Amino acid sequence: MIEMQDVYKKYPNGVIAANGIDVHIKAGEFVYVVGPSGAGKTTFIKMMYREEKPTSGTITINGVNLAKLKSSKVPLLRRNIGVVFQDFKLLPTLTVYENVAFALEVTEEQPKYIKKQVMETLDLVNLKHKARMLPTELSGGEQQRVSIARSIVNSPKVVIADEPTGNLDPDTSWEIMNIFDEINTRGTTVVMATHNKEIVNTIKHRVIAIEGGKIVRDEQRGDYGYES
Ligand code: ADP
Ligand code: ADP
């Protein structure tokens with residue numbers, strides 16, 4: 001599903017954010033990516049959806065070699081990868097419904113199909129009743145649920161999340177993590193960078209720890225492994 005071979009990333013300012021990464025993530029896995037600030041977690045994740053390109057090495061997603069992917073094909077790749085951010089990144093002038101439908105409308109699906117798909121997805125994140133509201137009318141947890149709905153409405157094979165609970169209180173964080181767990185149970189691969197020690201140590205999954213751009217630990221049903 002996701003394969004990195006000897007991936008190296010040097011930013012123009014000279015910082016080496018990935019320093020020889022080898023990893024294989026199988027379809028259906030749930031992977032936490034942990035490590036100190038500045039370790040290279042975001043870079044690792046951004047390279048998976050081609051927001052950043054590696055300086056050298058190969059990355060293959062669903063059999064597609066990202067290095068050989070033409071820029072014109074990047075939108076197609078993104079449709080098969082859902083992405084969730086710490087700060088939600090919802091479009092502020094669009095309703096909840098429209099924020100989710102937007103991801104499908106670019107695929108030129110039939111309007112009837114779009115409506116059904118959007119409402120089913122909003123139902124999954126328990127927000128059907130708020131479909132007409134604007135993001136500013138919602139709590140942080142609700143906004144993150146909209147953003148999760150947007151990320152999965154295309155039925156991608158993989159969902160990538162960068163600190164999705166970073167701006168949320170503990171109860172809301174649990175709610176969000178349970179939704180990711182449900183998405184994974186339904187068969188979607190989940191890769192998530194997180195600092196949420198309590199959740200990583202409770203909802204057990206594979207843990208990949210990154211430090212200084214290198215994978216320093218990779219354990220099935222691992223622990224968070226840091227103090228905070
Ligand atoms: P993490 O997500 O673990 O905090 P990042 O991948 O964001 O780590 O950053 C890894 C290193 O790369 C840090 O030293 C960071 O400052 C640097 N870095 C990240 N993005 C850029 C960029 N666009 N340009 C230059 N340096 C960057
Ligand atoms: P109802 O028939 O009770 O409105 P729906 O499942 O059709 O139930 O819609 C639920 C919510 O989603 C409603 O608030 C509706 O306005 C909103 N909604 C449905 N379709 C659209 C659309 N195409 N654009 C914007 N909002 C929509």
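Read the numbers this way: they start at 1 and go in the same order the structure lists the ligands and their atoms. Since the model is a prediction, treat every value here as computed from it, not as a measurement.
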TODO: Output the list of atoms in ligand 1 that are nearer than 4.0 Å to some heavy atom of Ser37, sorted by atom number.
DONE: 4 (O)
TODO: Measure from the side-chain N and O atoms of Asp223 to the backbone N and O of Gly225, and report whether any donor-acceptor pair falls under 3.5 Å.
DONE: no
- [ ] Taking only heavy atoms of Thr42 into account, list the atoms of ligand 1 that are under 4.0 Å away from them.
- [x] 1 (P), 2 (O), 6 (O), 7 (O)
Open item on the list: Closer than 4.0 Å to some heavy atom of Lys41 - which atoms of ligand 1 meet that?
Closed with: 1 (P), 2 (O), 3 (O), 4 (O), 6 (O), 8 (O)
- [ ] Measure the distance from atom 23 (N) of ligand 1 to every protein heavy atom, then report the residue, atom name and distance (to 0.1 Å) of the closest one.
- [x] Tyr11 CE2, 3.5 Å
Task: Heavy-atom protein contact below 4.0 Å for atom 17 (C) of ligand 1 - done: yes
Task: Residue Lys204 excluded, over 12 heavy atoms near NZ under 6.0 Å - done: yes
TODO: Indicate whether any N or O donor in one side chain lies under 3.5 Å from an N or O acceptor in the other, for Thr43 and Tyr11.
DONE: yes
Open item on the list: Only heavy atoms of Pro36, strictly under 4.0 Å: list the atoms of ligand 1 that pass.
Closed with: 3 (O)
Task: Aromatic Phe44 / basic Lys41 pairing, under 6.0 angstrom, 45° off normal - done: no
Open item on the list: What I want to know is whether Gly40 and ligand 1 share at least one N or O pair that is separated by under 3.5 angstrom.
Closed with: yes
- [ ] Starting from atom 4 (O) of ligand 1, find the nearest protein heavy-atom neighbour and note its residue, name and distance.
- [x] Gly38 N, 2.7 Å
TODO: Report yes if the side chains of Val191 and Val159 come closer than 4.5 Å at any heavy-atom pair, otherwise no.
DONE: no
Task: Per atom 9 (O) of ligand 1, closest listed option by heavy atom (Thr43, Ile210, Val33) - done: Thr43
Task: Per-atom contacts, ligand 1 versus Asn13 - under 4.0 Å to a heavy atom - done: 25 (C), 26 (N)
Task: Any N or O of Ala39 closer than 3.5 Å to N or O of ligand 1 - done: yes
Task: Lys10 atom NZ, neighbour heavy-atom count above 12 within 6.0 Å - done: no
Open item on the list: With a 3.5 Å distance limit and no angle check, can you tell me whether Glu137 reaches the backbone of Leu134 through a side-chain donor-acceptor pair?
Closed with: yes
- [ ] Give the atoms of ligand 1, by number and element, whose distance to some non-hydrogen atom of Val15 is under 4.0 Å.
- [x] 11 (C), 12 (O), 14 (O), 17 (C)
Task: Nearest-0.5 Å distance that lies between atom CG in Asp169 and atom CH2 in Trp174 - done: 13.5 Å
